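It should be emphasised that the depicted structure is a prediction, and the values quoted were computed from it without experimental measurement.
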Amino acid sequence: DFQDDKVFALMRVAGPNPLMLTRVDSLDDRFPVTEAMYQQTLPADSLAAAAAEGRLYLADFQILEQVQAGRIPAPKFVYAPLALFAVDRDTGDLVPVAIQCAQQPGPANPIFTPQDGWGWMIAKTVVESADGNVHEMVSHLGRTHLFLAPFAIATHRHLAANHPLGVLLRPHFEGTFAINHAAVEHLVNPHGPVDLLLA
């Protein structure tokens with residue numbers, strides 16, 4: 001059921017990377033979704049009402065805009081999409097409304113809605129790919145494994161074995177250095193699994 005829009009929306013809050021959605025009060029010039037586009041998905045609602053009532057959410061993958069695409073084992077593609085979601089006033093469900101596959105609007109970068117058939121399916125795939133890339137390299141590796149290492153070192157060096165904070169933290173640091181070392185040696189090394197898998 002990955003093709004289902006409800007599952008696509010659910011993945012933004014219950015998938016592996018539930019960190020990308022931000023509530024927005026309006027959309028900027030990068031993502032010119034019109035009222036007509038919005039009402040194709042939620043005809044009894046309006047973009048302005050959803051924004052005013054705090055029901056409008058944006059997944060912005062701008063962090064990928066400057067990433068150089070990989071070339072192992074072949075040239076790859078990296079997109080930095082914008083995806084708009086709204087909470088349906090009647091059902092309370094999160095609903096995908098529109099996707100733009102790059103940060104700047106224009107004829108070469110249209111906005112897709114659920115009425116766009118295969119174009120919509122491809123746009124959702126672009127979002128899933130971007131989400132996977134951000135999850136693995138930013139949320140998981142960067143903001144979890146690599147971010148945690150200095151705290152583990154500082155705890156070991158500067159807190160007594162019986163210090164309450166050290167007692168609380170040490171179990172969470174167990175294995176941190178071993179797994180980080182293994183990642184450098186076997187995952188993020190040149191031509192390793194990350195090079196092969198991620199864009």
Side-chain angles (χ1 to χ4, degrees), residues 1-67 77-106 109-117 119-148 194 197-199:
D1 56 0
F2 73 94
Q3 297 173 327
D4 189 308
D5 285 352
K6 288 182 182 180
V7 173
F8 175 69
L10 180 64
M11 293 297 287
R12 307 290 69 81
V13 294
N17 189 36
L19 307 172
M20 298 306 296
L21 275 187
T22 303
R23 188 171 62 83
V24 293
D25 298 325
S26 62
L27 297 174
D28 59 39
D29 293 340
R30 295 176 303 148
F31 198 21
V33 175
T34 65
E35 194 69 50
M37 289 175 186
Y38 182 87
Q39 289 183 347
Q40 286 177 351
T41 301
L42 295 165
D45 198 3
S46 74
L47 185 60
E53 295 167 10
R55 295 183 292 109
L56 204 59
Y57 292 86
L58 181 67
D60 185 352
F61 295 90
Q62 187 174 25
I63 194 168
L64 295 175
E65 190 174 30
Q66 300 302 316
V67 172
F77 301 91
V78 178
Y79 294 92
L82 295 158
L84 181 66
F85 298 83
V87 174
D88 186 319
R89 185 184 312 169
D90 298 327
T91 66
D93 292 338
L94 186 66
V95 177
V97 175
I99 297 171
Q100 182 176 281
C101 294
Q103 293 288 310
Q104 296 304 318
N109 188 26
I111 294 174
F112 295 96
T113 67
Q115 286 69 38
D116 287 326
W120 177 247
M121 185 61 65
I122 292 168
K124 290 193 303 183
T125 302
V126 164
V127 171
E128 290 291 356
S129 175
D131 195 59
N133 280 287
V134 169
H135 166 67
E136 288 299 332
M137 297 311 295
V138 178
S139 306
H140 184 87
L141 177 64
R143 293 183 181 163
T144 303
H145 288 281
L146 301 181
F147 180 80
L148 193 61
V194 170
L197 180 63
L198 299 180

Undergrad: Could I get the full list of ring-ring contact (aromatic ring centres under 6.0 Å, His included) partners for Tyr38, not counting sequence neighbours?
TA: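 If we apply the ring-ring contact (aromatic ring centres under 6.0 Å, His included) test to Tyr38, skipping adjacent residues, there are no hits.
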
Undergrad: Would you say Arg89 and Glu53 make side-chain contact, with heavy atoms under 4.5 Å?
TA: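 They are in contact (side-chain heavy atoms under 4.5 Å apart), so the answer is yes.
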
Undergrad: Please confirm whether the backbone N or O of Thr125 pairs with a side-chain atom of Ser129, one donor and one acceptor, at under 3.5 Å?
TA: no

Undergrad: Considering residues at least two apart in sequence or located in another chain, which fulfil the side chain to side chain donor-acceptor pair (under 3.5 Å) criterion with Gln66?
TA: none

Undergrad: May I ask you to check whether over 12 heavy atoms, not counting those of Asp4, lie within 6.0 Å of atom CG?
TA: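 More than 12 within 6.0 Å, yes.
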
Undergrad: Provide the closest heavy-atom pair for Ala102 versus Asn109 in the form atom of the first, atom of the second, distance.
TA: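 Closest approach of Ala102 to Asn109, heavy atoms only: O-ND2, 3.1 Å.
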
Undergrad: Is Ser139 close to Val134 at the side-chain level, that is, under 4.5 Å between some pair of heavy atoms?
TA: yes

Undergrad: To the nearest 0.5 angstrom, please state how far the CG atom of Leu56 sits from the CG atom of Asp45.
TA: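 Rounded to the nearest 0.5 Å, the CG-CG separation comes out at 9.5 Å.
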
Undergrad: Looking at every heavy atom in both Ala199 and Phe77, which two are closest together, and how far apart are they?
TA: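 Smallest interatomic distance, heavy atoms only, reads CB-O, 3.3 Å.
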
Undergrad: At their closest point, which heavy atom of Ile111 faces which heavy atom of Ala98, and how far apart are they?
TA: CG2-CB, 3.7 Å

Undergrad: Considering non-hydrogen atoms only, spot the tightest contact between Phe85 and Leu21 and give its length.
TA: CD1-CD2, 3.7 Å

Undergrad: How long is the span from the NE2 atom in His135 to the CG atom in Leu141, to the nearest 0.5 Å?
TA: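 Going from NE2 on His135 over to CG on Leu141, the span is 10.5 Å.
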
Undergrad: Would you say that more than 12 heavy atoms from the other residues, nucleotides or ligands in this model lie under 6.0 Å from the OH of Tyr79, or not?
TA: no

Undergrad: Hey, mind stepping through Phe112 and Ile122 against side chain to side chain contact (heavy atoms under 4.5 Å, CB included) and telling me if it holds?
TA: CA-CA 9 Å; Phe112 295 96; Ile122 292 168; over 6 Å; no

Undergrad: How long is the span from the CD atom in Glu128 to the CG atom in Asn133, to the nearest 0.5 Å?
TA: 11.5 Å

Undergrad: Do Met137 and Leu198 touch side chain to side chain, with heavy atoms closer than 4.5 Å?
TA: yes

Undergrad: With the side chain counted from C-beta on, respond yes when Trp120 and Pro96 share a heavy-atom pair under 4.5 Å apart, and no when they do not.
TA: yes

Undergrad: Using 0.5 Å steps for rounding, measure from the CD atom of Glu136 to the CG atom of Leu197.
TA: 7.0 Å

Undergrad: At their closest point, which heavy atom of Met11 faces which heavy atom of Pro16, and how far apart are they?
TA: CE-CD, 3.7 Å

Undergrad: Does a donor on one side chain sit under 3.5 Å from an acceptor on the other, for Asp60 and Gln103?
TA: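 A pair is found: one side chain offers a donor N or O, the other an acceptor, under 3.5 Å apart.
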
Undergrad: Mind checking ring-ring contact (aromatic ring centres under 6.0 Å, His included) for Phe61 and listing every partner two or more places apart, or none if nothing turns up?
TA: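 Per chain and number, Phe61 pairs via ring-ring contact (aromatic ring centres under 6.0 Å, His included) with no residue.
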
Undergrad: Between Leu47 and Gln39, is any pair of side-chain heavy atoms under 4.5 Å apart?
TA: no

Undergrad: Can you tell if the side chain of Arg30 reaches within under 4.5 Å of the side chain of Gln62, non-hydrogen atoms only?
TA: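 When only atoms from C-beta onward are counted, Gln62 and Arg30 do touch, with a gap below 4.5 Å.
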
Undergrad: Any carboxylate oxygen within less than 4.0 angstrom of a Lys/Arg side-chain nitrogen, looking at Lys6 and Asp1?
TA: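 No.
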
Undergrad: Taking CG in Leu146 as the centre, count heavy atoms belonging to other residues, nucleotides or ligands within less than 6.0 Å. Is the count above 12?
TA: yes

Undergrad: Nearest 0.5 Å, what's the OH-CE distance between Tyr57 and Met20?
TA: 15.5 Å

Undergrad: Measure the shortest side-chain to side-chain distance between Leu64 and Val67 over non-hydrogen atoms and say whether it is less than 4.5 angstrom.
TA: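 Counting from C-beta outward, Leu64 and Val67 do come under 4.5 Å.
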
Undergrad: What is the distance from atom CD1 of Ile99 to atom CG of Leu82, rounded to the nearest 0.5 Å?
TA: 10.0 Å

Undergrad: State, to 0.1 Å, how close Pro114 and Thr41 come at their nearest heavy-atom pair, and which atoms those are.
TA: CD-OG1, 3.3 Å

Undergrad: Tell me whether Arg12 forms a cation-pi arrangement with Phe8, defined as NZ or CZ under 6.0 Å from the six-membered ring centre and within 45 degrees of its axis.
TA: yes

Undergrad: Any sub-3.5 Å donor-acceptor pair from Asp93's side-chain atoms to Val95's backbone N or O?
TA: no

Undergrad: Determine whether Pro81 and Gln100 make a side-chain contact, defined as any pair of heavy atoms from C-beta on separated by less than 4.5 Å.
TA: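 No, every pair of side-chain atoms sits at 4.5 Å or beyond.
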
